[in-house]
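Read the structure below first, then the notes.
We name chains A, B, ... by the order of the sequence lines, and we start the count at 1 in each one. All of these numbers come straight from a predicted model, not from anything done at the bench. Basis for what follows: all heavy atoms, side chains included, without hydrogens, waters or symmetry-related copies.
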Amino acid sequence: MRYSRLLGKTTRDYPRSVRTAGNALLQRGGFIRPLSQGLYSFLPLGLRVVSRLTELIRREMRALDGQEVLLPLVNPLELWQRSGRAALAADDLVGFRDASGRDMVLAPTHEEAMVALVKSVVTSYRQLPVFLFQFQTKYRNEARPRGGLLRTREFVMSDGYSFHRSATELNNFLPRVFAAYERIFAACRIPVITAEAAVGMMRGERSFEFLMPSEVGDDRVIRCECCGYAANAEVAVGTLNRPTGEPRPLTTVPSHGAVTMGELTSELGCGKEALTKTMVYSNGDELVLAVVRGDQEVSGEKLERVLATPGLRLADRDELALYGLDARAIGPLDLPLDLLELDVRVRIVVDDVVASTPNLVVSSSESGIHFVDVNFGRDFESDLVHDISRVLPGARCANCAHELVQQRVVELGNVFKLGDYYSRKLRLTLSDSRGRRFYPQTGAYGIGIGRLLASIAESNHDRRGLDWPPGLAPYPILLMGIGHSAKVASLLEALHDELGDTFLYDDRRESISTKFRDADLMGIPMRLIVSPRTLEEGKAEILERGSTSVRSVSVANVRAVVAELTGGSS
RNA sequence: CGGGCUGUAGCGCAGGGGCUAGCGCGCUCGGUUCGGGACCGAGAGGUCGGCGGUUCAAAUCCGCCCAGCCCGACCA
């Protein structure tokens, strides 16, 4: 490929609208270009890297007996209503009405469509297990795309779905995908930590994430540097120091308008760990009052798990007003009577730390006063006691008591153990060997390709530019000449004609230093340099990116050396 | 969805009521160069994000809107 003909030039200046190093380099190098918020175009160089990534993943998926398919981007809304996710994923879904008046959505993920496909094609348990994968566009109506390619509205995902005869079979398959994913990220030279994660709108039973530590990430992982425990902050568990003491009699004190935890600590002269806060969650049908210690936060994921109620959201001011509640004065000891008379289910969930800590401060539903020396069990009850708080820095590891740390990460991929959630919802059943109907056990697996590209750039660059891992560079070799001698030019042209697309041929009339700079910026790993000086001795040179020592090769051997360096392929 | 920042040439920026809106890079043409972003000369390129207002006069002041980015909330 002649560089002069390649679409997408390198630029010297950093684009103003990009803040992360990797994304800036991808734009400066001519790999990607933004179209609009959360929407990116891939230029030829970028698409070539994407092709190498998909090929890498495809090889791994095939090694797991995966079969590649391609499902529609557009799904009937009805399918999503049947799975129960139309409401759960409402914020992500973008839809339209088609020519015949049916409501359609752009798929933010493909579990529904994949189950529908399997339902129509798999007719016997003997066909299981089946593992299907695709590279397909997702569209999610992200509230806030950010970090260039790290978080977009539209993106291509490598997603896989497996269907099994039994939970055991699924359990045995998951680690194989897990290992394949680890190999993929290793090939991308991205350091990953694996962690237990939230299931969120994906539902199902369990989930694991592959995370790249990075300050530009917008997920947070909780880790123990002692025993290696790692989990997404939403689901991580840890232990807290709990004050002890004999229960004292319940009293009330005026709080003089103090509402926030900070105000209360100064008003009452105690620490946040002596306080409690009551957060009201709702899913439209029922209210959940979640009580955690004043220095803690409610984990929405844990709350949904313990209640087995997806779709819970923190109630906003208007919704609270609807139930006669005021966010500044809510407590489980004296809920307003009219709330109890309303035709709405109200459940109270108390964090286990609160339940086992004596003499806490609890807000009253009557504004202006707080209860002091509240003791769970004696002064109030709840429907459930469970760990529902997020692990915050300072908590200790449940395994080894070492202090837990929080780290920002980019979520590169995940593995979901879905169980029979979708099989049941979408009525995918088969007969087993004894003729009994059963719901196949399913797993889902995904890697965001654009995010992977951005993460590789983030993890593999230096001051000069990108530095692609072996096999992922858009071109393995950049061919360039020095000077304008006819002999050099004719050799370059001959090599280009012969080896064509194997390398990028910088045929511009630019100074050699410009060519070097651009090669560094684009991250081409090797240069093949032809100059009058070396050509006199019948030699050309090979210079690796980041190295200053050249390898001299005779012109007669160039083709063989190129074949060796590129592993016989481009 | 809340808060903040920014919109002036393809990119990065300066200008901040008054004559023809500039600079660097890039681009075009001609010439000299070529071992880590060379140089000379000549040129092209702008609804100053949009709409409205104030004014004799608006890129500049005011209002509204739009777009992009950043922080947060939310979310695989």
Worksheet item: When the C1' atoms of B:C29 and B:C65 are considered, how many whole Å apart are they?
Response: 44 Å
Worksheet item: With sequence neighbours left out, what residues match A:A90 under side-chain contact (heavy atoms from CB on, under 4.5 Å)?
Response: none
Discussion item. Using a 4.0 Å heavy-atom cut-off, does A:T514 contact any base of the nucleic acid, only the sugar-phosphate backbone, or nothing at all?
Written reply: base
Item to complete: Report yes or no: is there a donor-acceptor pair, N or O only, under 3.5 Å between the side chain of A:S511 and the base of B:G37?
Response: no
Item to complete: Please find out if less than 6.0 Å separates the ring center of A:F210 from that of A:F185.
Response: yes
Discussion item. Using whole Å, what does the distance between atom C1' of nucleotide B:U33 and atom CZ of A:R508 come to?
Written reply: 16 Å
Worksheet item: P atom, B:C40 versus B:G49: distance in rounded Å?
Response: 33 Å
Worksheet entry | Distance, P atom - from B:G10 to B:U6, rounded to whole angstrom | 22 Å
Worksheet entry | Per A:A143 side chain, nearest of listed nucleotides B:G35, B:G37, B:A73 | B:A73
Item to complete: May I ask you to say what A:E301 touches in the nucleic acid, namely base, sugar-phosphate or nothing, with a heavy-atom cut-off under 4.0 Å?
Response: nothing
Discussion item. Taking side-chain hydrogen bond (donor to acceptor under 3.5 Å, both in side chains) as the definition, give me every residue that meets it alongside A:T534, ordered by chain and number, with sequence neighbours left out.
Written reply: A:S531
Item to complete: Taking atom C1' in both B:G45 and B:G24, compute the distance separating them and give it to the nearest angstrom.
Response: 16 Å
Worksheet item: Looking for any heavy atom pair under 4.0 Å, which part of the strands does A:R33 touch: base, sugar-phosphate only, or nothing?
Response: nothing
Worksheet item: When we call it a touch if two heavy atoms are under 4.0 Å apart, what does A:T548 touch: a base, just sugar-phosphate, or nothing?
Response: nothing
Item to complete: Could I get the full list of side-chain contact (heavy atoms from CB on, under 4.5 Å) partners for A:R328, not counting sequence neighbours?
Response: A:V259, A:D326
Fill in: Separation of B:A38 C1' from A:R517 CZ (nearest whole Å)
13 Å
Worksheet entry | For atom CZ of A:R313 and atom P of B:C1, their distance in whole Å | 13 Å
Fill in: Under the ring-ring contact (aromatic ring centres under 6.0 Å, His included) test, residues paired with A:Y323 that sit two or more places apart
none
Practice prompt. Can you tell me, in whole Å, how much space there is between the C1' of B:G22 and that of B:U60?
Written response: 15 Å
Item to complete: Inspect the contact between A:K9 and A:D518 and indicate whether a charged nitrogen and a carboxylate oxygen are less than 4.0 angstrom apart.
Response: no
Fill in: salt_bridge(A:E286, A:R313) N-O dist < 4.0 Å
no
Discussion item. Under the rule for side-chain contact (heavy atoms from CB on, under 4.5 Å), what residues qualify as partners of A:A236, not counting sequence neighbours?
Written reply: A:I222, A:Y229, A:A231, A:V391
Worksheet, complete the sentence: Here the distance between atom P of B:C1 and atom CD of A:E142, to the nearest Å, is 14 Å
Practice prompt. Write down the distance separating the C1' atoms in B:C25 and B:A9, rounded off to the nearest Å.
Written response: 12 Å
Item to complete: In whole angstrom, give the distance that lies between atom NZ of A:K515 and atom P of B:A38.
Response: 12 Å
Worksheet entry | Listed partners of A:T137 passing side-chain hydrogen bond (donor to acceptor under 3.5 Å, both in side chains), at least two apart | none
Worksheet item: Which is true for A:I447 with a 4.0 Å heavy-atom rule: it touches a base, it touches only sugar-phosphate, or it touches nothing?
Response: nothing
Discussion item. Using a 4.0 Å heavy-atom cut-off, does A:F155 contact any base of the nucleic acid, only the sugar-phosphate backbone, or nothing at all?
Written reply: base
Return the polar atom pairs (N/O with N/O) between nucleotides 43-51 of chain B and the protein under 3.5 Å, or none.
none

Discussion item. Once you apply a heavy-atom cut-off of 4.0 Å, does A:R151 come out as touching a base, just sugar-phosphate, or nothing?
Written reply: base
Discussion item. Here's a test of your reading of the structure: between A:R390 and A:G481, which maps to the more 5' nucleotide of RNA chain B?
Written reply: A:G481
Between the protein and nucleotides 25-32 of chain B, list the N/O to N/O atom pairs that are separated by less than 3.5 angstrom.
none

Fill in: Rounded interatomic separation in angstrom, taking CG from A:L314 and P from B:A73
12 Å
Practice prompt. Sticking with atom C1', work out how far B:C64 lies from B:G72, rounded to a whole angstrom.
Written response: 26 Å
Distances for protein N/O vs nucleotides 66-71 of chain B N/O pairs under 3.5 angstrom?
from  : atom 1 : to     : atom 2 : distance (Å)
B:G68 : OP1    : A:S36  : OG     : 3.0
B:G68 : OP1    : A:Q37  : N      : 2.9
B:C69 : OP2    : A:Q37  : NE2    : 3.1
B:C69 : O2'    : A:R19  : NH2    : 3.3
B:C70 : OP1    : A:G147 : N      : 3.4
B:C71 : OP2    : A:R144 : NH2    : 2.6
B:C71 : N4     : A:R144 : NE     : 3.4

Fill in: Non-neighbouring partners of A:R220 that pass side-chain hydrogen bond (donor to acceptor under 3.5 Å, both in side chains), sequence neighbours left out
none
Worksheet entry | side-chain hydrogen bond (donor to acceptor under 3.5 Å, both in side chains) partners for A:T514, two or more places apart | A:S511
Worksheet item: 5'-most contact on RNA chain B: A:P15 or A:Y281, nearest heavy atom basis?
Response: A:P15
Worksheet item: Contact class for A:D91 (heavy atom, under 4.0 Å): base, sugar-phosphate, or nothing?
Response: nothing
Item to complete: Identify the heavy atoms of A:L492 and A:G481 that sit nearest to each other, and give their distance.
Response: CD1-CA, 3.7 Å
Report, one line per pair, each donor and acceptor closer than 3.5 Å where one atom sits in a side chain of residues 29-41 of chain A; sequence neighbours left out.
from  : atom 1 : to     : atom 2 : distance (Å)
A:R33 : NH2    : A:Q27  : O      : 2.8
A:Q37 : OE1    : A:R153 : NH2    : 3.4

Worksheet entry | Ring centroid separation A:F173 to A:F131 under 6.0 Å | yes
